[in-house]
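See structure below.
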Amino acid sequence: MRILVLGGTWFLGKAIAEQALARGWEVATFNRGRSGQDVAGVQPVHGDRTVHADLVRLAQDGTWDAVIDTSSSELAPRDVLLATTTLRDQVGRWVHISTVSVYEGWPHQALTDGSPLLECPPDADATYGYTGEDGSPTLYGFQKAGGERAVTAAFGDSAAFLRPGVILGPGEYVGRLPWWLERAKRGGRFIAPAPAKQRIQPVDVRDVAQFALDQAASTTSGGYNVTHPVGTSFEEFLSGCLAATDSTGTPVWVEPEVLKEHGVAQWTELPLWRTHAGVWAVDSSRAVDAGLSCRPIAETIRDTWRWWAADGRPVDHPRWAEHGIAPEKEAKILASL
Ligand SMILES: NC(=O)c1ccc[n+]([C@@H]2O[C@H](COP(=O)([O-])OP(=O)(O)OC[C@H]3O[C@@H](n4cnc5c(N)ncnc54)[C@H](OP(=O)(O)O)[C@@H]3O)[C@@H](O)[C@H]2O)c1
């Protein structure tokens, strides 16, 4: 197989490039050279995918059996369209990394791969869509839905859309699992969002990468929810963080009403905590039938801590700063209970 990874230096794209090389595939990557190092063994091409001339230069290195597009998280549909139309004749198949945010019903309703999507034209610019008052739908969701349309416009049935919920694992830069690991390591009593039995469905970046490569080599099409089919409870998740960091910290389960009273921001101040009914009710059975295999979350937690601790807390990213509750605010809430 000869594949092109759009991205390829950062979190998911990096995991995809590494695993494709391990399969013995020929791998080209395309990025601006800003976010990370090229993986040893790939054929790197540097350029900006929003610049037509850069894509034309990239196309000259084709052909490829498949593209895996990991680099559209901040791009408008029209930018995705520029890449799909410019590369169309050089590529057999397009595997697009999308998100569960493309669904109209997320995070309020339980979802399948057939649930209705947000409406967004394939040539929309970066202003199309909006973010609702309670954080749903999101501008991001509209834009990613338009990105899917841009892929379909050029590749039709030769396209697959992978829709992860939350991706964790080594290399995570957002600050979700690393923040919980750091909090567990610090020890003492710490806030845990009740109910303890709430199930969550984060998926390991290496399992998403594996599935993306399988899709690149297959002939299937359409959308796949890429969420952990079994998941874990928040209680097991935090026990995993305590075990991985060898900590004696104690979670104190705090009811959602109390957290809301204190103005604790869902999703960010307590990462992975969100009370909407559909957040963790995403059915991934189509992906599982197509080969998605998810490791136990305890393994994701352990390996993330190993990476995080070994690399000396390596992340410097704007999204990191948005995550985690301030120690003073946490102490104040605990004291009030
Ligand atoms: N992280 C999650 O929990 C999560 C959940 C659901 C879905 N997703 C989706 O998963 C995908 C991968 O996410 P990620 O967090 O691994 O990576 P990301 O931050 O979305 O992508 C970064 C990669 O894209 C390259 N890139 C960005 N802009 C570019 C441009 N204009 N031209 C060329 N290359 C460009 C970057 O390299 P340079 O900066 O060097 O150019 C880097 O290699 C995204 O599409 C995201 O929407 C992520």
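Whatever order the structure lists ligands and atoms in, that order sets their numbers, starting from 1. Nothing fancy with the numbering, it's 1 onward along the sequence.
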For [X], is at least one N or O under 3.5 Å away from an N or O on ligand 1?
X: Ile167; answer: yes
X: Thr50; answer: no
X: Asp69; answer: no
X: Gly33; answer: yes
X: Val174; answer: no

Closest protein heavy atom to [atom], given as residue, atom name and distance to 0.1 Å:
atom: atom 7 (C) of ligand 1; value: Ser98 O, 3.1 Å
atom: atom 17 (O) of ligand 1; value: Trp10 CD1, 3.6 Å
atom: atom 31 (N) of ligand 1; value: Asp48 OD1, 3.0 Å
atom: atom 12 (C) of ligand 1; value: Thr70 O, 3.2 Å
atom: atom 36 (C) of ligand 1; value: Ser35 OG, 3.6 Å
atom: atom 14 (P) of ligand 1; value: Tyr173 OH, 3.9 Å
atom: atom 40 (O) of ligand 1; value: Arg34 N, 2.6 Å
atom: atom 28 (N) of ligand 1; value: Arg32 NH2, 3.3 Å

May I ask you to decide whether [X] forms a salt bridge with [Y], counting only side-chain N to carboxylate O separations under 4.0 Å?
X: Asp214; Y: Arg23; answer: yes
X: Asp123; Y: Arg78; answer: no
X: Arg32; Y: Asp54; answer: no
X: Glu18; Y: Arg206; answer: no

Checking side-chain hydrogen bond (donor to acceptor under 3.5 Å, both in side chains) between Ser72 and each of Gln143, Arg49, Lys144, which is the one that passes? Lys144
Below 4.0 Å from any atom of ligand 1, is there a heavy atom belonging to [X]?
X: His46; value: no
X: Pro202; value: no
X: Arg176; value: yes
X: Gly165; value: yes

Can you label the angle between the Trp267 ring and the Trp280 ring as parallel, tilted or perpendicular, going by 30° and 60°? tilted
Evaluate the ring planes of Phe11 and Tyr173, with Trp represented by its six-membered ring, and classify them as parallel (under 30°), tilted (30 to 60°) or perpendicular (over 60°). perpendicular
Flag if over 12 foreign heavy atoms under 6.0 Å of CG, Asp125: yes
Results of side-chain contact (heavy atoms from CB on, under 4.5 Å) for Thr232 - residues two or more places apart only: Ile200, Glu236, Phe237, Ile297
